[in-house]
**Student:** 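Below are the structure tokens for one structure; questions will follow.
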Amino acid sequence: MRRGLGLALLAALVLHAATKGQARLPEMLWVCHVASVLLAMGLLTSVRWLVAVGFLIHVGMGMPAFLIDVLFGERPSPTSWLVHLLPLVAGWSALRGTGLPPRTWKAAWAIVLVTFTVSILATPPVLNVNVMHEAWGPMRGLFPGAWAVRVFHALEALGLLFGAELLLRQLIAPAAAS
């Protein structure tokens, strides 16, 4: 597929991780970073479904969440911008004209749920990776506990991924045979 983009994406992730420091390194388990690893591995190995899953997670969840954070005053680092924009370019470039494999949203949702579970079990609550330990700032007080936040985000992810797949099917549909 596009090995150069895969290498660039992995390099960007390593650079971004290097800016985190030891205490914030678990932030590399945010679902968008996990999706980037999948996308990069798919590009390097020419495995289309890995590219599609990583790209779908970025389009449906990663970039929208990143932009919402920016709108609410977050000041992302240059490497954060890089690791959120480069996967969109890489995924679009690799999948344009070929489209998504059938039911990509199912594999993407399964990966998101596993990533959520790992975030709950393996990340410090203070980092709130994947918003699995408490509700995000403006939504605090809307949920009775962490379990409700987790159920909400699992169902939200399902809807976002399914909707993003419907949208991408229109935007990057396979070229019609002539």
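Treat the numbers as computed from the prediction; the structure is a model and nothing was measured.
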**Student:** Would you please test Glu165 and Phe162 for side chain to side chain contact (heavy atoms under 4.5 Å, CB included) and show each step?
**Tutor:** CA-CA 5 Å; Glu165 180 166 330; Phe162 184 76; 5.8 Å; no
**Student:** If you define the side chain from C-beta out and look only at heavy atoms, does anything of Leu171 sit under 4.5 Å from Trp92?
**Tutor:**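 Side chain of Leu171 against side chain of Trp92, heavy atoms only: contact under 4.5 Å found.
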**Student:** Do Cys32 and Phe66 have side chains that approach each other closer than 4.5 Å (heavy atoms only, starting at C-beta)?
**Tutor:**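 Contact flag for Cys32/Phe66 side chains = no.
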**Student:** Does some side-chain heavy atom of Arg150 sit less than 4.5 Å from a side-chain heavy atom of Met132?
**Tutor:**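 Sidechains of Arg150 and Met132: in contact.
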**Student:** Evaluate Thr123 against His133 for side chain to side chain contact (heavy atoms under 4.5 Å, CB included), listing each step before the verdict.
**Tutor:** CA-CA 9 Å; Thr123 66; His133 294 286; 3.3 Å; yes
**Student:** For Ala154, does its backbone N or O pair with a side-chain atom of Trp109 as donor and acceptor, under 3.5 Å?
**Tutor:**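 Yes; at least one donor-acceptor contact below 3.5 Å.
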**Student:** Does a side-chain heavy-atom distance below 4.5 Å link His33 with Leu29?
**Tutor:**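 In short, these two side chains do not touch, never coming nearer than 4.5 Å.
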**Student:** Check whether Leu15 and Val89 end up in the same hydrophobic cluster, where Ile, Leu, Val, Met, Phe, Trp and Tyr are linked by side-chain heavy atoms less than 4.5 Å apart.
**Tutor:**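 In one cluster: no.
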**Student:** Any idea which heavy atoms bring Val83 and Ser36 closest together, and the distance?
**Tutor:**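 Minimum heavy-atom separation between Val83 and Ser36: O-OG, 3.9 Å.
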**Student:** Would a single hydrophobic cluster contain both Met139 and Trp30, if residues Ile, Leu, Val, Met, Phe, Trp and Tyr are joined by side-chain heavy-atom contacts under 4.5 Å?
**Tutor:**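 Yes; tracing contacts between hydrophobic side chains, which count when under 4.5 Å, links both residues.
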**Student:** Between the side chain of Asn128 and the main-chain N/O of Trp136, is any donor-acceptor distance below 3.5 Å?
**Tutor:**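 Between the backbone of Trp136 and the side chain of Asn128 there is no qualifying donor-acceptor contact (under 3.5 Å).
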**Student:** Under a 4.5 Å cut-off applied to non-hydrogen side-chain atoms, are Pro76 and Val70 in contact?
**Tutor:**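 Contact flag for Pro76/Val70 side chains = yes.
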**Student:** Look at the side-chain heavy atoms of Ile, Leu, Val, Met, Phe, Trp and Tyr, link any pair under 4.5 Å apart, and say whether Leu155 and Leu56 land in one connected group.
**Tutor:**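 No, because Leu155 and Leu56 fall into different hydrophobic clusters, even though each may have its own neighbours under 4.5 Å.
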**Student:** Given 3.5 Å as the limit, does a donor-acceptor pair link the side chain of Arg140 with the main chain of Ala135, or not?
**Tutor:**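 Present.
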**Student:** Taking side chain to side chain donor-acceptor pair (under 3.5 Å) as the test, write out the residues that go with Glu27, two or more places apart.
**Tutor:**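 For Glu27 the side chain to side chain donor-acceptor pair (under 3.5 Å) partners, ignoring immediate neighbours, are Lys20, Arg24.
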**Student:** Any heavy-atom pair between the side chains of Pro64 and Leu160 that's under 4.5 Å?
**Tutor:**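 Sidechains of Pro64 and Leu160: no contact.
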**Student:** Does anything in residues 75-86 form a side-chain hydrogen bond (donor to acceptor under 3.5 Å, both in side chains)? List the pairs, not counting sequence neighbours.
**Tutor:**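 side-chain hydrogen bond (donor to acceptor under 3.5 Å, both in side chains) check on residues 75-86 returns His16-Thr79, Ser77-Thr79.
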**Student:** Leu142, Phe152: one ILVMFWY side-chain cluster at the under-4.5 Å cut-off?
**Tutor:**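 Same cluster: Leu142 reaches Phe152 through Ile, Leu, Val, Met, Phe, Trp or Tyr contacts under 4.5 Å.
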**Student:** Any idea which heavy atoms bring Arg48 and Pro101 closest together, and the distance?
**Tutor:**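 For Arg48 versus Pro101, the nearest heavy atoms are NH2-N, 3.4 Å.
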**Student:** Restricting to non-hydrogen atoms, name the atom on Leu100 and the atom on Ala52 that form the minimum distance, rounded to 0.1 Å.
**Tutor:**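 That closest heavy-atom pairing would be CD2-CB, 3.7 Å.
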**Student:** How close do Val129 and Pro26 get, counting heavy atoms only, and between which atoms?
**Tutor:**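 Smallest heavy-atom distance, with atoms named: CG2-O, 3.8 Å.
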**Student:** Would you say that more than 12 heavy atoms from the other residues, nucleotides or ligands in this model lie under 6.0 Å from the CZ of Arg169, or not?
**Tutor:**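 Yes, the 6.0 Å shell around CZ holds more than 12 heavy atoms from other groups.
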**Student:** Carefully, step by step, assess Gln170 and Leu166 under the rule side chain to side chain contact (heavy atoms under 4.5 Å, CB included).
**Tutor:** CA-CA 7 Å; Gln170 300 303 310; Leu166 292 176; over 6 Å; no
**Student:** Which heavy atom of Val31 sits nearest a heavy atom of Thr115, and at what distance?
**Tutor:**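 In this case the closest contact between Val31 and Thr115 is CA-CG2, 4.0 Å.
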**Student:** Which residues pass the salt bridge (Lys or Arg N to Asp or Glu O under 4.0 Å) test with Glu156, not counting sequence neighbours?
**Tutor:**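 Residues passing salt bridge (Lys or Arg N to Asp or Glu O under 4.0 Å) with Glu156: none at all.
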**Student:** Are Leu161 and Lys106 close enough that some pair of their side-chain heavy atoms sits under 4.5 Å apart?
**Tutor:**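 Not in contact.
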**Student:** Closest approach of Leu44 and Leu10, non-hydrogen atoms and distance?
**Tutor:**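 Nearest pair, atom of Leu44 first, then Leu10: CD1-CD1, 3.4 Å.
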**Student:** After noting the C-alpha distance and the side-chain angles of Leu88 and Phe55, does the key distance pass the side chain to side chain contact (heavy atoms under 4.5 Å, CB included) rule?
**Tutor:** CA-CA 7 Å; Leu88 297 176; Phe55 182 57; 4.2 Å; yes
